[in-house]
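Side chains are part of it too, since the values below use all heavy atoms of this structure and drop only hydrogens, waters and symmetry mates.
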Amino acid sequence: MSTTTLDQKLRKVQHWTGISIFVFTTLHIANASTGAISQDLYDKVLGVMRNVYRPHPLVERCLLLTPIIVHAGASILRNILSRMNKKEKTTAISLHKVTGFALLAILPVHYLATRVVSGRNADFTLVSSSLEKFPGFSIMFPYYVALLFSGIYHSFTGLNTILSYRFNRSTLNKVIGTIFGIGTIALLGFSGYLYNIDRTNYPLWENIGKF
């Protein structure tokens with residue numbers, strides 16, 4: 001099999017797994033954005049969302065974890081093959097790769113914190129306590145901003161690639177910028193700057209600080 005044929009097959013793998021990842025990312029970011037409004041709304045929407053993408057642990061693993069692992073593997077292999085390609089890359093493609101590798105580094109930590117260490121019933125206070133208590137705002141706010149931007153940018157530019165660049169760069173940037181802006185405002189809500197937070201459940205997440 002030639003490198004060109006292999007690259008084409010890996011590209012298709014990226015596209016199909018990317019669609020599954022995009023659906024989850026959209027739901028996840030939509031839920032996180034409700035943090036700009038209230039703690040109660042976030043927890044209510046989270047409960048509804050979990051019934052959609054996580055009615056059972058196996059469903060989430062099949063619809064999310066497996067596609068992410070396969071997608072990342074295909075991306076790494078394509079990146080190795082692309083070293084043989086001397087064509088100039090655009091800034092957008094380069095940033096798409098950068099955000100992809102950023103997610104590759106961040107997502108395992110995010111999964112461990114939200115699924116393994118904290119258990120599977122985390123709520124608003126898991127995020128807010130990480131910003132207010134431990135590790136603290138100076139560490140976790142940049143972390144969440146990086147995760148938010150990387151997830152939005154990589155997902156939406158990837159979808160545009162799958163759709164054969166149906167949306168022009170200007171339109172795509174406006175969509176990404178708007179969603180990122182709402183998400184950043186939501187992070188201020190999680191941090192206690194927009195409304196009062198019920199911190200009753202904070203002790204539940206103390207074990208994460210010891211992780």
Side-chain angles (χ1 to χ4, degrees), residues 20-36 39-73 98-155 179-180 182-194 197-211:
S20 178
I21 296 169
F22 177 82
V23 171
F24 174 83
T25 301
T26 301
L27 292 174
H28 201 53
I29 293 175
N31 182 200
S33 297
T34 61
Q39 177 178 358
D40 184 59
L41 179 61
Y42 173 87
D43 285 335
K44 286 180 178 178
V45 174
L46 178 61
V48 173
M49 293 293 190
R50 280 175 174 163
N51 290 329
V52 175
Y53 66 80
R54 204 179 76 189
H56 188 277
L58 287 178
V59 175
E60 184 180 43
R61 289 168 188 167
C62 292
L63 296 180
L64 179 63
L65 289 183
T66 300
I68 286 178
I69 293 172
V70 174
H71 187 85
V98 169
T99 53
F101 283 116
L103 289 171
L104 191 61
I106 296 173
L107 285 179
V109 177
H110 189 66
Y111 182 82
L112 285 174
T114 60
R115 296 294 189 275
V116 180
V117 181
S118 66
R120 303 185 63 83
N121 295 310
D123 60 10
F124 180 99
T125 58
L126 172 63
V127 178
S128 62
S129 65
S130 71
L131 287 161
E132 291 193 316
K133 295 291 185 178
F134 186 89
F137 188 87
S138 62
I139 294 176
M140 294 309 295
F141 190 82
Y143 164 83
Y144 286 126
V145 167
L147 177 61
L148 178 68
F149 178 77
S150 297
I152 295 171
Y153 190 91
H154 196 77
S155 295
I179 298 174
F180 178 66
I182 294 173
T184 302
I185 293 173
L187 285 176
L188 295 178
F190 283 106
S191 303
Y193 289 108
L194 303 182
I197 295 175
D198 179 359
R199 300 174 174 82
T200 304
N201 288 340
Y202 272 27
L204 296 176
W205 318 124
E206 291 178 354
N207 62 322
I208 296 181
K210 300 174 183 178
F211 175 64

request  = Side-chain contact test, heavy atoms from C-beta onward, threshold under 4.5 Å: evaluate it for Asn31 versus Leu27 and give yes or no.
outcome  = no
inquiry  = Any heavy-atom pair between the side chains of Thr125 and Leu204 that's under 4.5 Å?
reply    = no
Between [X] (side chain only) and [Y] (backbone N and O only), is there a donor and an acceptor less than 3.5 Å apart?
| X | Y | value |
| --- | --- | --- |
| Asp43 | Phe124 | yes |
| Glu132 | Phe137 | no |
| Arg199 | Ile197 | yes |
| Ser20 | Leu63 | yes |
| Ser155 | Ile152 | no |

List for me each residue that meets side chain to side chain contact (heavy atoms under 4.5 Å, CB included) alongside [X], sequence neighbours excluded, and say none if there are none.
| X | result |
| --- | --- |
| Ser130 | Pro135, Met140, Tyr144 |
| Thr66 | Val70 |
| Pro108 | none |

inquiry  = Assess, by modelled atom type and distance only, whether the side chains of Ser33 and Tyr42 contain a donor and an acceptor separated by less than 3.5 Å.
reply    = no
query = Rounded to the nearest 0.5 Å, how far apart are CG of Leu126 and CG of Asn201?
reply = 10.5 Å
